[in-house]
Engineer: 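This is the structure I have questions about; it appears just below.
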Amino acid sequence: MNLITKRIKGTQDLLPDKSDKFEYVESVLKNQAKLYGFRLVRTPVIEHTVLFERSVGENSDVVSKEMYTFLDKSGRSVTLRPEGTAGTLRAILENGLHNNLPVKVMYITSCYRYEKPQNSRYREFFQFGVETFGSKSCLADSEIIFLVYSIFKKLKVQNLKLEINSLGCSECKKKFNNDMKKYLEKNFDNFCGICKERMYRNPMRVFDCKNENCKKNLKNAPIVLDYLCLRCKNHFDDLKKILDLEKVNYIVNPRIVRGLDYYTKTVFEFIDNKSEITVCGGGRYDNLSEEIGGPDLPSVGFGLGIERLLSLVKDYDLEIYPKVYISIIGEKARFKAVELAENFRNNNISTEIDILNNSLKSQVKYADKAKAKYCLFLGDRELENNFVKFRNMVSGEEKEIDMNNILNYVK
RNA sequence: GUGGAUAUAGCUCAGCUGGUUAGAGCGCCAGAUUGUGGCUCUGGAGGUCGUCGGUUCGAUUCCGAUUAUCUACCCCA
């Protein structure tokens, strides 16, 4: 085969084999979130570019080099969403939902980032996320962490670790960044080029560098947690207390800072022990609403990578098999078979029928592969005497059933 | 953007230091079994050997370029 074109780099075709699993996981995500009181929102894939510049942060890698941004026909700069939070918050504010607090919403959407694809990393990927708006309380933080936990439990995903940290409010962040900058400047020559740039734009992010040398030089660097004001410290301590009470295991890692600029106070990541890949990341973003022109609206949420989650889900249960297969023997039976099939389907019985004009043998073979429960045979003999031959595909048992009674039989 | 690997049938892959007609397994279709799946046997369909160029009497094989895929880094879900 020589197609004129293939799928776009970093995108995936979701074929029936995998889509069953996708549907299953999606239903678990939605059901668990509903248990916690989150309701679904859908926002457009496409937003004005400025929304992401302001929220995710112009200096972040996501905005500065990974966005699908283009001018539409009227010359407006628009962007395919690179994450779910900004659009969700925009929609909440624009539609005035923040007048009834708290607002708890979830979303499952595709996101787009123009980067080089690799393991568990795509240009089009699916994100599940929840956001709680209007609560300063660490109960809101713990609630979403419990939700993630319950999802993994339900899906039987194990070997994940939870790392948490607190970045503090804007005051704490500012003080820390100042000292961090001083520290980095003192050791300026010991850091790699990227870090050197970062120390001026967003010093905290130097912690994300994986360069061994840089890591070494960070050993005596200031620690965010030492800079928390009393309120932030209490918030973080309370969160830990609640997690302890519910026996949720976590590691405090003062080095996780996250790449999206909007995070404040609590941040957390669920990391797969084997691959070290972050499956779920989130935290608090109390200033984001004001950043995009909204009121003071404390918020907390997370994003969870569906593809990454799918690769961790081993077994799942989803009945998708047709119940009945109708095999057709000879020309005359075709119309009767169609009539029967439609009758079954109208009665909520999933039914398949030969549409390839295949031999009877391959028809039954197909029924077997499709895992149909029953196979019906319709040929001249049956038509003449007004019955249907009925075969139980599991036991192999066969019966002749009166045509007028067949519906009750397959039910 | 930087590094590594790969590209042969629908899928997974063989193909020796270059040599007639490019193979296997699985899958698909058919027959053995003239109206019946799972097991077995037999046959069949299906390939511009990623693309372009070079070396050669001759290239799937060697060389160059290009594209695509995978993978590591950066970053993130």
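Below, each value reflects all heavy atoms present in this structure, side chains not excepted, and no hydrogens, waters or symmetry copies. Chain naming here is simple, since letters A, B, ... match the order of the sequence lines and numbering starts at 1 in each.
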Engineer: Would you say whether A/F125 stacks on B/A77? The test is a distance between ring centres of less than 5.5 Å and an angle between planes of less than 30°.
Structural biologist: yes

Engineer: Is the A/F176 ring parallel, tilted or perpendicular to the A/Y227 ring (thresholds 30°, 60°)?
Structural biologist: perpendicular

Engineer: More 5' along RNA chain B: A/G303 or A/N119, using each one's nearest nucleotide?
Structural biologist: A/N119

Engineer: Verify side chain to side chain donor-acceptor pair (under 3.5 Å) between A/Y122 and A/Q12, making sure each step is shown before the conclusion.
Structural biologist: CA-CA 8 Å; A/Y122 306 97; A/Q12 282 183 304; 3.3 Å; yes

Engineer: Does A/C280 reach a base, just sugar-phosphate, or nothing at all? Heavy atoms under 4.0 Å.
Structural biologist: sugar-phosphate

Engineer: Where the side chain of A/R121 is defined as all heavy atoms beyond and including C-beta, which of B/G38, B/C75, B/A77 is the nearest nucleotide?
Structural biologist: B/C75

Engineer: Give me the distances for all protein-to-nucleotides 41-45 of chain B N/O pairs that come in under 3.5 Å?
Structural biologist:
none

Engineer: Give the rounded distance in Å between these two atoms: CG of A/L378 and C1' of B/G35.
Structural biologist: 12 Å

Engineer: Can you tell me which nucleotide in B/A77, B/G3, B/U36 comes closest to the side chain of A/K116?
Structural biologist: B/G3

Engineer: A/Y122 near the nucleic acid: base, sugar-phosphate alone, or nothing, with a heavy-atom cut-off under 4.0 Å?
Structural biologist: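 Base contact.
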
Engineer: Pick out the pairs of N or O atoms, protein on one side and nucleotides 29-31 of chain B on the other, that lie under 3.5 Å.
Structural biologist:
| unit_1 | atom_1 | unit_2 | atom_2 | d |
| --- | --- | --- | --- | --- |
| B/A30 | OP1 | A/S359 | N | 3.2 |
| B/A30 | OP1 | A/S359 | OG | 3.2 |
| B/A30 | OP1 | A/S362 | OG | 3.4 |
| B/A30 | OP2 | A/S362 | OG | 2.7 |

Engineer: Within the structure shown, what part of the strands sits under 4.0 Å from A/G396 by heavy-atom distance: base, sugar-phosphate, or nothing?
Structural biologist: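 It contacts base atoms.
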
Engineer: Using Watson-Crick pairs (N1 to N3, plus N6-O4 or O6-N4) and G-U wobble pairs, both distances under 3.5 Å, which stems of at least 3 pairs involve RNA chain B?
Structural biologist: B:1-7 with B:67-73, B:10-13 with B:23-26, B:28-32 with B:40-44, B:50-54 with B:62-66

Engineer: With A/R391 as the cation and A/F377 as the aromatic partner, state whether NZ or CZ is under 6.0 Å from the six-membered ring centre and within 45° of the axis.
Structural biologist: no

Engineer: Would you mind telling me which of B/C75, B/G35, B/G38 lies closest to the side-chain atoms of A/I329?
Structural biologist: B/G35

Engineer: Is it true that, when you exclude A/K175 itself, more than 12 heavy atoms of the residues, nucleotides or ligands shown sit nearer than 6.0 Å to its NZ?
Structural biologist: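 No.
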
Engineer: How are the rings of A/F126 and A/F22 set to each other: parallel, tilted or perpendicular (split at 30° and 60°)?
Structural biologist: perpendicular

Engineer: So A/E382, base contact, sugar-phosphate only, or nothing? Heavy-atom distance under 4.0 Å.
Structural biologist: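 Since a base atom lies under 4.0 Å of A/E382, the category is base.
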
Engineer: Does a side-chain heavy-atom distance below 4.5 Å link A/V130 with A/F302?
Structural biologist: yes

Engineer: So which nucleotide from B/G37, B/U2, B/G35 ends up closest to the side chain of A/V364?
Structural biologist: B/G37

Engineer: Looking only at side-chain atoms of A/Q127, point me to the closest of B/G37, B/A77, B/C75.
Structural biologist: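 In terms of side-chain proximity for A/Q127, the closest of B/G37, B/A77, B/C75 is B/A77.
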
Engineer: Among B/A72, B/C75, B/G35, which nucleotide has an atom closest to any side-chain atom of A/Q118?
Structural biologist: B/A72

Engineer: Nearest nucleotide by nearest heavy atom, which residue falls closer to the 5' end of RNA chain B, A/E276 or A/E397?
Structural biologist: A/E397

Engineer: Please work out if A/E307 contacts a base, only the sugar-phosphate, or nothing of the nucleic acid, heavy-atom cut-off 4.0 Å.
Structural biologist: nothing

Engineer: A/T266 and A/D141: side-chain donor and acceptor closer than 3.5 Å?
Structural biologist: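 Short answer, yes.
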
